[in-house]
Each structure stands twice: as C-alpha cells, then as structure tokens.
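Working notes, structure below.
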2 protein chains.
Amino acid sequence: MDSDFGTPRQLSDLQKLRSLYQPELPPCLQGTAVRVEFGDAAEAADLTDAHTISQFFPHTYGQPLAHFLRATAKVPDAQIITEHPAIRVGIVFCGRQSPGGHNVVWGLHNALKIHNPNSKLLGFLGGSEGLFAQKTLEITDEVLSCYKNQGGYDLLGRTKDQIRTTEQVNAALTACKDLKLDSLVIIGGVTSNTDAAQLAETFAEAKCPTKVVGVPVTLNGDLKNQFVETNVGFDTICKVNSQLISNMCTDALSAEKYYYFIRLMGRKHSHVALECTLQSHPNMVILGEEVSASKLTLFDLTNQICDAVQARAEQDKNHGVILLPEGLIESIPEVYALLKEIHSLLRQGVSVDKIHLQLSPWASALFEFLPPFIKKQILLHPESDDSAQLSQIETEKLLAHLVETEINKRQKAGTYKGKKFNAICHFFGYQARGSLPSKFDCDYAYVLGHICYHIVAAGLNGYLATLTNLKNPVNKWKCGAAPITAMMTVQRWSQHPSASSIGIPAIHPATVDLRGKAYELLRQNASRFLLDDLYRNPGPLQFEGPGADAKAVSLCVEDQDYMGRIKKLQEYLDKVRAIVKPGCSQDVLKAALSVMSSVTDVLSVMSSSGNQKSL
Amino acid sequence: MDSDFGTPRQLSDLQKLRSLYQPELPPCLQGTAVRVEFGDAAEAADLTDAHTISQFFPHTYGQPLAHFLRATAKVPDAQIITEHPAIRVGIVFCGRQSPGGHNVVWGLHNALKIHNPNSKLLGFLGGSEGLFAQKTLEITDEVLSCYKNQGGYDLLGRTKDQIRTTEQVNAALTACKDLKLDSLVIIGGVTSNTDAAQLAETFAEAKCPTKVVGVPVTLNGDLKNQFVETNVGFDTICKVNSQLISNMCTDALSAEKYYYFIRLMGRKHSHVALECTLQSHPNMVILGEEVSASKLTLFDLTNQICDAVQARAEQDKNHGVILLPEGLIESIPEVYALLKEIHSLLRQGVSVDKIHLQLSPWASALFEFLPPFIKKQILLHPESDDSAQLSQIETEKLLAHLVETEINKRQKAGTYKGKKFNAICHFFGYQARGSLPSKFDCDYAYVLGHICYHIVAAGLNGYLATLTNLKNPVNKWKCGAAPITAMMTVQRWSQHPSASSIGIPAIHPATVDLRGKAYELLRQNASRFLLDDLYRNPGPLQFEGPGADAKAVSLCVEDQDYMGRIKKLQEYLDKVRAIVKPGCSQDVLKAALSVMSSVTDVLSVMSSSGNQKSL
C-alpha cells in the first residue's frame, strides 16, 4: 500500500525549477521567537448553537483567537516564546488530494528545524490508516527535496477521510501516545477538521499531551467562514479548470457548432464553478445555490438552458459553453427527494435491482423518466457524509439529453430556428487535482505549515491555522489561529431522519453566498457572458510573468479580513481602556459612558436580528 | 454564422503578453529577395503508384522540389526573385482547429507586406463554406493584433472539411476568379491537402492563374512523410494532454485506488498517444498500430490489461494510468468487421433500430455482447473519410468495463489478489484543441506562413510548404516546398467495396512506424513504465523558463531531415559533375566511372527491394 510513498521522483525540468522555489514568509513569522497575542474567547457565529457546542466540547470550546505578531510589534501583553525544546510532531493527509498539500509539510518541517534542529516531524504513510497503524516516515530535507512545490499527496499518500469512530479515535490516541507526539497536524477539509476538533477534545479529556492542529486544505474551497478566507488547492484547481474551460470556449468559437456541457468537481457547493466562471467567462453557469434558493426543477433548468440556446441562435450563434457544478444534481428538489428515497432503501439493505419497485409512486415516475445511465448512477451507495456520489453522476449528460429533446421539440414547433443542437459533455476534476500547485497555493500552504509550528509552540489544542488578508502580498498576510469549535454549527434538521449528523456540532461546507460580491459580479455580467461571447483565456498555469501572481477573483472581490478587524476592534477597546482609566476627568468618563452605552445598544439590536444573516 | 469571426477579443494578461511575442525567421527567409533552388522532379515514394498519380495529375505531378536559400548561399543556378508585384492571396481554414493556425495567417500577411505593401490577404470567413460563398475579411495588422500566437480558428472560423465535389471545386474556382486571387492557401491536414492538390490540378487544367498552396496543420500529427516532419498543433496538443495525463498519474499515486483509462483524440492513428506516453510515462498505452499488426481481439486486449493490473497488484500497486488512442476501436479486427457491416447497412438506408436484425450471425453475436452505450455509439453514421465517429465511441469505458468483469472473475478464482478494481474514464481532446499554442507551434506556423509567400512568388502550384531539421533551433530550419502529389499513395483495396477512395491517389494519414525510433524508445521503457511508476510531469505549458523550448520527443529522436539529405545528395552530384567535366584527366574519369557504376548497381538493387519498406 505504501510502497511508493516518499520515494525520490524523477522530476521534469519544470518540476526541478519549481522544487527550487522558496516561498516568502510574512514578517511576523521570521526570526526564532514566537510572539502570540490572544484575543477574546471565540464563539460560534450562531449563538443558539453555542450552548450545544460547548456541551460537546467542554475542554476546547470558548478558547481565544490567537494572533502571531512581528518581533517589532508593540503589544505589551503578547506572550513571547523564546525557548524551544525539541518536540515531536506527526502529520497526516486526510481526504482528497489538493495541490499544495506537500508545502504544508515542508513549511512545518522548516519551522521545526529553525526553532530546534532536534525536533522531529513524522509523516503518517497512507493517510489516516497509516496513523492508526503507526506507519511513519521521518521527514527530512532529503525526503522533501523532490516534493517541494509539487502536486499530489504522494509524499505520504492518503486513504479514508475519517478519524471518527471510537475505534479510529482510540487508534489515533494510542498512536500519538506510543510515538510520544507533542502535536498531531491534520491536513484536510471540512470533514477532517471536524474530526480534528473531536480528536482535540478527546485528547484533552484523556489528558493526552498531544495537541491537535488542523490546516484548511481542500480543492472544494468550502471550508470558508469568518476565520478562513480560502483553502489550499482551490486556487490551482480553479486556474487549471479555467484554462481547460477557456480552451473549450475558443474551440466552440472556432467551429461554431457545439455546445459544451462541463461538469466541475467541487462537492456539494459551487465555489469552484463560480470562480471558474469569473476567470473564463463561459456563456452560462448554473450554481447549486441558485437552484436551491429558487427551487428550480429539472424542467425549469432544461427550459432555462433551452431559452439561452434559442436566444443565442437568434443571434446566429449555434455554439456555447455551459458550466455545471457536480453538486447541482442534489440541489434539484425532485431529484434530491428521489435520492433520499433511494439512499434510505439502500440503508435498509434493499438490493439495487429491487429499489425501483419500492419507490413512492411519484419518485418511481421520475426514476422511470430518467435515461438508463443516470438510473445506474443515482443507485450508487451514498458517501460517508450522506451525499450522493457526486463525481459519478453525469448531470451534464442528463441535462444535455433533456435540452436536446426540448430543442428538437421547439424546432418542430417552429420556435427554435437555429442549427441542429450538438452537445459534447465533459467532467473536469481529476485532471486538475494532481496539478503542480500555483504560486499562491505554494506560498499559502508553506506559510500555514509555519503557523502550525507557532500554534504548537503556544501550546494550543484544537486550533486551525489561519492566514487572512490573502488578497494582499505575502508580507501583508496576517497569521493566526482560531479554535475549530468556533467554526461549527449544529444541524437540527435533515431530510434523512437517520442521518447521524443531526444535533452534533460540525463544520459544515460553506455555500456560495448569493448576497456576496463574487456572486454579484457574476450576476452583473451574466447576460453579456450569455450573448456576447466575452470568453477570457487566463492560459495555462504560469510560474513566471503575467498571470503567475494572479489570485482567485472571488478572493479579491470579497471584503474579508475578519481576523484583522477583530484585532482592530480589540485595539480600539484597549485604547478606550487606556484613555479612560482611573484618574481621568469626570467629563471624559461621562463622554465614554454615553458613547459606549449607545454602541452597546446598537450592537445588541443588530446581533439579535443578525443571527439569520450569513457571514 | 460568421458574426463573431475576426472581431477584437478581450485578452487576458498572459494572452496579451503572448500577442507581443515575435517568432524568429530562419536566415533564408530574411530580407526581401526570394532565392529558390529546384531539385529533381519529386516522385511518389511507391513507384507503382506513380503512374496512376501522373494520370490523375497530368499538370501537377512530377514537379521539382523547391529549396529556399539564404541570400549569401553560393548556388549558381538558384532563381532569384527581386521584383514583387502586388498580389492578392486568399487563405482558408479547412478541417479541425489546431493550435497555431492563426500564425500561418500572420506569417503570410507579414511576408506579403514586406515584399509589397500593396499586396492583399483575404481570409475566407467560415472555412470552405466561406470560400464557396466568397465571404472574405481583409487581413490587416489591426485585425491580427489580438490573434497573434493565440489558439483556435476564431479569426476566420471553419466549417466542413471538404473541397471535393464538382460543385465545391467549381465554387472555389469561381471564387478565385471573381476575387482575382494570385494564390489560394489552404490550411489543413491530410484530407484538406489532398483537396488542395486536386484543386491545383483543376485550376491548371482550367488555366486559372490562381496557385494553390497547402500548409500542414493538424493536431493529429498524421500528415507525416519524407517531406513533412510534423504538423502545426501537434506539439501543443501533446503538451497539454501530457500535462493532464501527468496530473492523473500524480493523482493515482496519491490515493492509490484508481485506474484511470484515458482516451486521446488524434483520429485513426496513434501519434498523439505515442508522444504523450513519451512525455508523461503513464503505466500503459495500447497503440492502434500494435493491435493491427498483431491482430489483437477485444479479449486479447482485455487480458493484456488484466495481466498488467494483476502484475501491479502483486507489487501492492492498485492504481494506474492507461492511455488509449481514439482510433484503437477501429484497429480491433472483429470490431472493425462489425463497424463495416453497420456502415454498409447504414449506407443502404437501413434504419438504426433495424440494423441489429440484419447483421451476420457472428457480427450480431458481438453486437449483442457489447454494453448498451457502445451499441448506440457504433451505430452512428460514419464520417466523410469512411471511418467511424471516433470521438464519440467510448472505447475507454468499454475496456474498463471488460477489464472490471475479468478482474472480478479472476478475484473469485483466486488468481487476482489485489484490492477492488476501480476504473475512472476520461476523453482528452476538445480541452486541448483550443489551447494557446506552444512556442514551437507559434514559430513553426509563422515560418510556414512566410514560406507560403515564397512559394507563390516562385510561381508554384500544388505545393505544400515544408520546414525540416525542426529538432534544431529556428536558425537551422530548412525551408522548402514539395509537390503535394509526391506525398500521395493509391489505395488499391479496401474492406468497404463501396469506398470512394479506391484507386484514387490521396495523401493517407501516416501510421506510427513500429520500426521507428520513437516506438523503439517506448518499447525499451514499457515494462518499467508499467511496474515502476516512473511518472514524469512536464507541467503546464510554459512560455518562459524550462520546458518553454521543449520539443516533441518523437520529433527529436527520429532521424528525419529527408529534404536536407536530398539537397545534400544533389550537392554531391553537382560536385562530381564539376570535377569530372570535359578536360579532366583520363584517370579521374575512369575512377569516377568505376565508382558511379558501383553506386548505381547498389542503389538499383536496394530500391527494387525497398519499395515495401515504410519510410
């Protein structure tokens, strides 16, 4: 199983050049001292969830935010750590490979060795299974040499996505104890970081000294909240996919006879599809979030695409490119309901060939209506997070098929007067996942690796390494750590009554914010993208010259830096405290009281009504 | 139809930078004089075909090779053209878009204007249909500005691949006369250049002054013969595909649970698959030419892949990447025979749903054995060149399905002991076709465009622009032109008795030479590629730094430069003539006679037995 992991690789010339690239560190991480400032206790965004979370995580909920500061920062109460005993850290890849993952390992290794050359970094071979089986590889400069800035997870490999069952958690606990780890770093997405938080709590409860640290690495870009702006891998995936989508656009425009239906990997939500649309300007994209919000049926979607095809045909355009996120299929209400029935029957042990006999009448009617290939795909067993096997369901073929049927009908009726409708279908995902990481992902991952060390040095448990202000250059990035429990919410309701997730706090994948700036940008341009063929080709991923330093559009348009603002607020409060301290004049005190009372009134009103708002 | 062609495009930063790239010209094309040297009459490689070809092409067969020389070349009988009247040239894209096509237009336009600013270049809008309808766009610097070094054919567009029927040829003749064209340049692959030769003959016969020039532009890389080393677009397609294949390899190695079956665009022959294998080192490739040569059946192929999967499983490797050319399906003897029956029935007008009733018993048995999706795909109408619709037949899914069935059988029998076999299928082609062209393709296409002008200036008709010695830097490239008829062969036999191509000379797509050096390189490494995971990632297409100047492996290993050697031989013969001229000594003459007589003896013997040899 692990025969190939961590072995030296034959690198191409470009790979060799990339392996020599040295990412920059933000000023606060330079030098050998760790300077950490703690903010207020971090609470869950939804205060109604807070109580449940604190019950599930008595040891790790309510911990403060941590900010790592530059050596010259004048903050009187920052904790400065200058002694660095040799420590032992374990690191494991969980979940799907995302470009840049290797650089987290490199960054952490580098930080460990800078602070104490006797510290050791052990990589678990074969993901969580390697953790349970205590299969390790000691990370050294030599081992890293042909994995720096390279794609894939083949330095250590990965297996299952879970560290969740009692057995798994106990195996992890035993491994950390046996290997005398001071810290365990888990690289992954929403599921793996939820598991990391659970592990941190269990370790604290069991008085195991190993601190658990999470790192946000997932190509889906859905580990997004007030503390996390983007995830390692998302930038690369969107750039590689956008290149391919743009090539399809150029191709469509050259022959003017095909409609390309492209489904994009990215799990339940549509972050990848939205970003790729903003980068390459295809004619159309249908986001799962739009479909959910408007409860659009399969027929609504078919008609919407047909109307677009017809509008283009009226302008003599018989070609086009349409993007569909892989999660779309679950957003269509009647298909979702059908999937729910199927999954419930599968869980009851009904065999696949008998399922259609036990569906409700209307679910059965929908099932019989679907083409055979889709029938087979939606009968697949659900994934561990209760979702359908999204990468296996060819939504693009289903929609192309329905659109073709409808266009032919319209042609006979005389309403569609364009050329014969020709659709060609694609699924982009696997071919991007193993890509060389973009410069941004190389930098982001490497710096996160360094932050992991600072978290461990500060003795924090159950934290996620965070970097904010990412749209600015590296020397402006703000380094910190947030308790994972503060990112959790509680699902109180599910269409799967048997779903194991109800009532249990977890990080849930973020949806595309339909009131956010990235989506607004899409809406502003959607009709021009549809009709005017404003195709834009960002080109193949470059490491030098224009485009090499480009960042995700959605990252740049959004006004994030929540961590920075929280810190700024704290500075104001500290200033108020410094000015209005015992001994200040009565007038100053009165003025402060008046203003503060009004501020608290306003904020109380806003936060009680603001709970429904997404962040 | 042509509403979008040639309009200004919004370029990304990288595209803008590329649009400023200026390809270099070889020394022989610099300056304003055209210096051309003619070689001997070029004959067809197979002398038994020569008679037929000369009958079909009385005006254009047997013309000499042309070499374009540098201004300083000391060749006494070179023709030097220094007067350049203003001329009118038409240019048309035929067949599938290949990256670099735009640069032929740019190169030709540049050469025309250098030699006479009053010359005009007219682009036909919408390919051959635009030619028939006389829809033109005058090419100017302004029009070109956002198409230089860009992918696609959207400057002019393209439609059908044919200029072949009497109607089409007459429409082309009328267009050239009406528009008073001195030359018509046709950009395309084997089919389009065969049409170009036919057009040249017809024009000569009709005393139409328009000279027809062909340019070898096809991503398939199958317009390959003693005069043509590679085609515009092939380099880019192989690089983009290799990047994606490498990403899949990295991905496979990270998760160690998938077999990726990847089918590659490239028409009947396996040039693209071979080159991509040499660039990215996947575990396995099955070339159509190997299957044809060894007459491997569907079951042979299934077993061959299963044996590979089993051998890898024995080394604890449960992942892999397997490449399949799209033309493979037609190389499998029993499938080919089935396709032949189906196409014949389709031609007889039998409706698709009735065909299975009229198949021969054994073809029917094979048909019934195939999974439904493949049945539907092989029932599609054949293409204009009598081949099946290769891009629509999912051979990768068929083989993955058969391999899975066989592996499960072996698992039950206890011979296969690896993990569960998981295949994921892909088709790569469309997503590469619209790519920004590589530096090589930019240069190659641009220089070919210049050569087109030199061909026209030399008054040649029915020639293909050629560049040889391509594996060396641009300043070593040799520029020439070869009569298209010399590249033709005559198919005297076909499995389709009704095939229109029998007995008619045409350029046939070159097969991968199983005795060539590129294939030898593959064979030498095949078993290591299979078992040792020597995956190599050339990375995304780069325009700066390492890899930017990389050339196709198959181009570099092959010992080509036929044109250069032909010229060298001529120089030797000239030298002999110069030394042994009337007045030389009796001894010199005797020595010359003796040597020459022996040389001619050896060569006669070799060329009479050598006709069967491939080139």
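Order of the sequence lines fixes the chain letters, A, B, ..., with proteins taken first and strands second; residue numbering starts at 1 for each chain. All values below were derived from every heavy atom in this structure, side-chain atoms included, with hydrogens, water molecules and symmetry-related copies excluded. As the structure is a prediction and not an experimental result, all values here were calculated from the model.
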key: Side chain B:Q542, main chain A:L541, donor-acceptor under 3.5 Å   = yes
key: Per-residue contact mode, A:I424 against chain B (heavy atom under 4.5 angstrom)   = side chain
task = To the nearest 0.5 angstrom, please state how far the NE2 atom of A:H426 sits from the CD atom of B:Q431.
result = 4.0 Å
key: Contact leader toward chain A among B:G157, B:S435, B:G152, where contacts are heavy-atom pairs under 4.5 Å   = B:S435
key: Top contributor to chain A interface from B:L244, B:I245, B:L253 [non-hydrogen pairs under 4.5 Å]   = B:L253
ask   = Any side-chain heavy-atom pair from A:P540 and B:L436 closer than 4.5 angstrom?
value = yes
request  = Pick one of side chain, backbone, both or neither for A:R9, based on which atoms fall under 4.5 Å of a heavy atom in chain B.
outcome  = side chain
inquiry  = Looking at B:E129 and A:K257, is there a salt bridge between them, counting it only when a charged N and a carboxylate O are closer than 4.0 Å?
reply    = no
ask   = Do B:F373 and A:F373 pass the ring-ring contact (aromatic ring centres under 6.0 Å, His included) test, and can you show the C-alpha distance, the side-chain angles, and the key distance before you say yes or no?
value = CA-CA 8 Å; B:F373 69 91; A:F373 68 92; over 10 Å; no
query = Is chain B contacted by the side chain of A:F428, its backbone, both, or neither, given a heavy-atom distance below 4.5 Å?
reply = side chain
task = Please look at A:Q243 and chain B and tell me whether the side chain, the backbone, both or neither of the residue comes under 4.5 angstrom of a heavy atom of that chain.
result = side chain
task = May I ask you to test the A:Q10-B:H281 pair for a side-chain heavy-atom distance under 4.5 Å?
result = yes
note = OH of B:Y535 to CG of A:D154, rounded to nearest 0.5 Å, is 10.0 Å
key: Contact origin within A:Q97 toward chain B - heavy atom pairs under 4.5 Å   = side chain
note = d(B:R536 CZ, A:Q15 CD) to nearest 0.5 Å is 8.0 Å
query = Which distance, rounded to the nearest 0.5 Å, do you find between the OH of A:Y430 and the CG of B:N247?
reply = 14.5 Å
query = Do you know which of B:T250, B:I262, B:D251 has the most heavy-atom pairs with chain A at a distance under 4.5 angstrom?
reply = B:D251
key: Rounded distance [0.5 Å steps], OG in A:S12 versus CG in B:N537   = 6.0 Å
